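Okay, structure first, notes after.
Starting from 1, each residue takes its place in the sequence as its number. On a predicted model such as this, the values are computed, not experimentally measured, just so you know.
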Amino acid sequence: MKRIVMLLTLLLFISGCSKEHSATDENETKALIEKVWEYANINPNGFTLNLETMKPIKYGISVAYLETQDSFDKEGLEIVINHAVRNNKIVGGWLNEDNKLYYFDSVKIFKNSDLDEAITFAKQNKQLAIFDLTNLKEIRIEP
């Protein structure tokens, strides 16, 4: 009987901690959304940002994940941030000149010397282009 009471107490404690942790995660996500949204407004031409340091990434090749494709506005940004937090903790934003929507992506950064690997990853993630941050140029992906 004593073991059952201890087990139930432990389960209740774990359950309470889980809810508290979940609320903290939700608050942290909301704070990140606001910070990245503000950063995007300050950088309307585009950016690549490390979520851990909140500093821009200036070198390498940025490739977006398929899972966050077509994400715009704050709702889309939440999807992007949730994905980025679970993966590389890097997000990018850019203005689509054709439809005037500002898009957000969870991205993976490759070294410039790993261009072939970046292109392979881009094809696997159905990307039309990748971005060379070092040289500030778009690289179109051939299907």
Side-chain angles (χ1 to χ4, degrees), residues 4-143:
I4 292 173
V5 170
M6 287 177 58
L7 183 59
L8 285 173
T9 303
L10 180 61
L11 287 173
L12 286 171
F13 175 75
I14 291 170
S15 172
C17 288
S18 174
K19 287 178 186 170
E20 186 178 303
H21 190 267
S22 176
T24 301
D25 287 348
E26 189 175 316
N27 289 338
E28 289 173 2
T29 299
K30 286 180 181 179
L32 271 176
I33 290 167
E34 291 305 317
K35 286 178 184 177
V36 174
W37 187 262
E38 183 179 328
Y39 195 88
N41 285 315
I42 295 168
N43 296 277
N45 294 325
F47 67 91
T48 305
L49 187 65
N50 181 318
L51 292 178
E52 291 181 312
T53 63
M54 292 307 289
K55 294 192 183 213
I57 295 175
K58 298 179 181 181
Y59 305 102
I61 300 168
S62 177
V63 185
Y65 285 93
L66 175 63
E67 293 87 351
T68 61
Q69 196 161 303
D70 297 327
S71 296
F72 49 90
D73 66 36
K74 280 193 179 178
E75 219 172 89
L77 181 55
E78 182 174 0
I79 293 166
V80 168
I81 287 177
N82 284 326
H83 183 275
V85 166
R86 291 188 316 270
N87 290 277
N88 295 325
K89 296 177 179 55
I90 301 170
V91 297
W94 56 282
L95 178 64
N96 182 326
E97 291 291 340
D98 295 334
N99 63 14
K100 303 298 181 206
L101 291 174
Y102 201 87
Y103 284 79
F104 297 98
D105 291 301
S106 174
V107 300
K108 183 173 182 178
I109 303 297
F110 293 84
K111 294 178 186 174
N112 285 79
S113 59
D114 294 336
L115 178 60
D116 290 340
E117 189 180 336
I119 290 171
T120 299
F121 184 81
K123 287 179 179 179
Q124 291 168 345
N125 284 272
K126 299 179 171 57
Q127 298 302 313
L128 301 175
I130 59 181
F131 196 77
D132 178 345
L133 296 165
T134 307
N135 299 298
L136 299 176
K137 70 177 188 171
E138 180 181 83
I139 300 169
R140 301 297 294 174
I141 303 298
E142 299 297 322

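- The shortest non-hydrogen separation linking Pro44 to Leu95 is O-CB, 3.9 Å.
- In this structure the side chain of Val91 reaches within 4.5 angstrom of the side chain of Phe47, judged on heavy atoms.
- Shortest non-hydrogen contact noted between Asn135 and Asp132 is ND2-OD2, 2.8 Å.
- Side-chain atoms of Thr29 and Asn82, non-hydrogen and from C-beta on, do get closer than 4.5 Å to each other.
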N/O donor-acceptor pairs under 3.5 Å from side chains in residues 118-125, not counting sequence neighbours:
| from | atom 1 | to | atom 2 | distance (Å) |
| --- | --- | --- | --- | --- |
| Thr120 | OG1 | Asp116 | O | 3.0 |
| Asn125 | OD1 | Leu66 | N | 3.0 |
| Asn125 | ND2 | Phe121 | O | 2.9 |

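- By the 4.5 Å heavy-atom criterion applied to side chains, Phe104 and Ile81 are not counted as neighbours.
- Here side-chain hydrogen bond (donor to acceptor under 3.5 Å, both in side chains) pairs that include residues 33-59, with residues two or more places apart or in two chains, are Glu34-Lys74.
- Between Tyr103 and Phe72, a ring centre-to-centre spacing shorter than 6.0 Å is recorded.
- Inter-residue side-chain proximity for Val107 and Ile57 is flagged as unmet; no heavy-atom pair is nearer than 4.5 Å.
- The distance from the OG1 atom of Thr68 to the CG atom of Leu77 is 10.5 Å, given to the nearest 0.5 Å.
- Heavy-atom minimum distance, Gly76 versus Ser71: O-CB, 3.6 Å.
- Remark: Ile130 CD1 to Ile139 CD1 distance equals 4.5 Å, nearest 0.5 Å.
- Taking both residues in full, the closest heavy atoms of Tyr102 and Ala40 are given as CE2-CB, 3.6 Å, listed atom of the first, atom of the second, then distance.
- The two residues Val80 and Ser106 have their closest heavy-atom pair at CG1-N, 3.4 Å.
- The CG atom of Asp114 sits 12.0 Å away from the CD1 atom of Ile109 when rounded to the nearest 0.5 Å.
- Within the 4.5 Å cutoff, the side chain of Ile90 has no heavy atoms near those of the Lys108 side chain.
- Ile79 and Glu67 get closest at one heavy-atom pair: CG2-O, 4.5 Å.
- To the nearest 0.5 Å, atom CG of residue Asn27 and atom CG of residue Leu32 are 11.5 Å apart.
- Annotation: side chain of Leu115 is in contact with side chain of Ile61 (closest heavy-atom distance under 4.5 Å).
- Rounding to the nearest 0.5 Å gives a distance of 8.5 Å between CG of Leu51 and NZ of Lys89.
- Judged as a salt bridge (Lys or Arg N to Asp or Glu O under 4.0 Å), and not counting sequence neighbours, the contacts of Glu138 are Arg140.
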